[in-house]
Amino acid sequence: MFDPNSAKSIISYAKELKGYTLREKCGESIENHGYKGKGNFGQLVEKFYFGYEPNSKAEADFVEVGMELKSSPLKALKNGEIRSKERLVLNIINYLEVHKEEFDHSSFWKKNAHLLLIFYLHDKEKDLLDYLIKLVDDWKYPNRDLLIIKRDWETINQKIKDGKAHELSEGDTFYLGACTKGSTAEKSLRHQPFNEVKAKQRAYSLKQGYVNHIIANIAQEEQAVYGKILTQETIFEHLPSIEEIVISKFAPFYGKTSIEIEKHFNLELNRTAKSYFANLTKAILGIGLNKKIEEFEKADIQVKTIRLKENNLPKEDISFPNFKYEEIVELDWEESEFKHILEQKFFFVFYQFENNILTLKKVKFWNMPYSDIEEAKKVWHRTVETIEKGKIVSEITDKGIRKTYFPKKTENRISHVRPHARDKDDCYDLPVKDQLTNATEYTKHCFWLNASYVKDEIYMK
DNA sequence: GCATGATCATGC
DNA sequence: GCATGATCATGC
């Protein structure tokens, strides 16, 4: 077994799980565990492997050594690599108490300073007793990450102090998020200290990108694919935020053309390549062109380069990944891909056409305000409804162009649905055939962010 | 000049 | 072969 007074002993006992399933390691007693619902892989590990009853106490699970046990699912990519399937959910944020706390003595830090992580390969075809446990190790935050996590924690706390707990969103922060937890119904609403309005129950969480970073570290993968924005000097002289550092790197180039920026860095980029603007961004950030931006990956930040017309309107709407008709109707809004995207943080790089030449105007970190996410939700609901009813095509013109009932740009301030495919025969299957055309598949579509919204709410503000 | 539907190009 | 960012075509 293990010595509960020794972190080392607990960790090495935990590591014996690696390469096995719970069914293989826990003996017969686990066969009739009687747990239902999700989240119970962790409970099973606690009860049947470590032999203590699952609890929700304020201290860490292994109280003598201050270590918290967390189990989390992995997914396999098509190329065989593994990634975190989701964010890692930590303790619930007690709005009524945390505003009195300092980080170093906070409920978050008391419980989660030292994690013992068990990653298993999720497989919806399998019983959870048969999930393969792939990675087991402990985790302490490196200093450079901890500075960002502290700042994230402060950001969340400040919003609670400002009476805005009901406006919290995961995109507010970088590595440590405030994710919704529990049912979304009325009963999961909680009181907050400085506002009558009730707020959704939320928990601290590590962003999916950050969990991927932990996984890569545990798996001892080569870190050479990442380039850091925060170098030794930038973190130890004083404590600027990621925002401040990034903006200070871009500001000297405001008003410069893309070609001037390219020359400044002695680059000879292929100006017609798709990666052209992404490469300029990396050059400005001081990151190798063949590397990923480590801090952005860890914070799940989406970089969007926008080309504005002379009237400040983006030349194009912004597309998101295509949705599959059969999948989108199966999930609730809360679990939807679209909500997940809108909750992330974005980094916008705005260039503007001036006599057909692109000039860097400004950069901006942004995440969608809670009230706008609620407004975009209507577009998602209307889309799902359209698919479920099989009422997609509204009319076919003489020229054979199919008009649809999908939410249009004119119907919502924020978002609309449009085709995004190689051609109209590039389709996904429909769960319900289209009433007008009897089609069982339809051209791939995706959600788009309206160009007018990007102008009014992101660029001009 | 914009909204909407359709399609292209690149890179992995 | 596909995802993603970018662009085109038509009609009002």
Side-chain angles (χ1 to χ4, degrees), chain A residues 75-81 83 225 258 269-282 289-293 296-297 300-328 337-338 340-342 344 346-353 356 358 379 382-383 386-387 391-429 434 436-437 439 441-456:
Chain A
K75 62 180 178 186
L77 303 183
K78 283 174 192 153
N79 64 11
E81 291 176 22
R83 292 286 185 278
V225 294
S258 57
L269 299 175
N270 175 359
R271 289 173 196 161
T272 58
K274 284 192 80 132
S275 54
Y276 179 64
F277 288 101
N279 283 335
L280 282 185
T281 292
K282 286 179 185 174
L289 300 189
N290 52 352
K291 298 192 176 187
K292 294 180 173 181
I293 306 170
F296 284 11
E297 296 279 322
D300 286 335
I301 292 173
Q302 300 214 16
V303 179
K304 298 282 183 190
T305 304
I306 308 293
R307 278 108 22 90
L308 301 165
K309 297 187 286 187
E310 306 212 355
N311 65 2
N312 292 338
L313 204 63
K315 195 162 174 290
E316 309 293 339
D317 304 304
I318 297 172
S319 66
F320 293 118
N322 291 331
F323 51 76
K324 293 194 171 73
Y325 302 109
E326 290 176 310
E327 287 177 7
I328 196 171
E337 188 64 23
F338 190 42
H340 189 70
I341 293 168
L342 296 184
Q344 291 180 359
F346 291 81
F347 179 62
F348 283 98
V349 183
F350 291 104
Y351 289 87
Q352 188 161 36
F353 286 101
N356 282 326
L358 281 165
V379 175
R382 280 258 298 103
T383 303
T386 303
I387 299 163
K391 286 192 71 171
I392 294 174
V393 181
S394 61
E395 180 197 347
I396 301 177
T397 67
D398 329 339
K399 305 230 167 170
I401 290 174
R402 300 167 305 176
K403 307 249 182 200
T404 74
Y405 289 112
F406 283 125
K408 301 190 189 314
K409 226 182 201 181
T410 45
E411 294 172 41
N412 189 283
R413 191 171 60 89
I414 298 170
S415 173
H416 67 281
V417 169
R418 254 185 34 229
H420 194 212
R422 196 160 6 84
D423 56 41
K424 66 177 164 41
D425 298 323
D426 187 18
C427 292
Y428 283 131
D429 288 341
D434 181 58
L436 187 76
T437 61
E441 54 171 31
Y442 202 70
T443 315
K444 293 174 182 174
H445 276 57
C446 74
F447 293 100
W448 298 73
L449 208 55
N450 299 349
S452 53
Y453 178 78
V454 174
K455 173 186 167 225
D456 295 338

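Proteins get letters first, then strands, A, B, ... in listed order; numbering begins at 1 in each. Keep in mind the model is a prediction, meaning the values are calculated, not measured.
Under 4.0 angstrom from either OP1 or OP2 of C:dC2 there lies no side-chain N or O belonging to A:N322.
At a threshold of 4.0 angstrom between heavy atoms, the contacts of A:S275 with the nucleic acid are absent. Nucleic acid contact class of A:T397 (heavy atoms, under 4.0 Å, all strands): none. Among the heavy atoms of the strands lying under 4.0 Å from A:N311 are primed sugar atoms or P, OP1, OP2 only; no base atom is included. Within 4.0 Å of A:H420, counting heavy atoms only, lies at least one base atom of the nucleic acid. Using a 4.0 Å heavy-atom criterion, one finds that A:F406 contacts no nucleic acid atom at all.
Nearest-nucleotide assignment on DNA chain C puts the 5′-proximal partner with A:Q302, out of A:K399 and A:Q302. In terms of position on DNA chain B, the residue among A:K408 and A:R422 whose nearest nucleotide sits closer to the 5' end is A:K408.
Between A:Y442 and A:H445, the two ring planes are tilted [angle within 30° to 60°].
Residue A:L313 has its side chain nearest to B:dC2 when only C:dA6, B:dC2, B:dT4 are considered.
Side-chain N/O atoms of A:H445 and base N/O atoms of B:dG5 include no donor-acceptor pair closer than 3.5 Å.
Side-chain atoms of A:N322 do not come within 3.5 Å of backbone N or O of A:K444 as any donor-acceptor pair.
Between A:F447 and A:I328 there is a side-chain heavy-atom pair separated by less than 4.5 Å.
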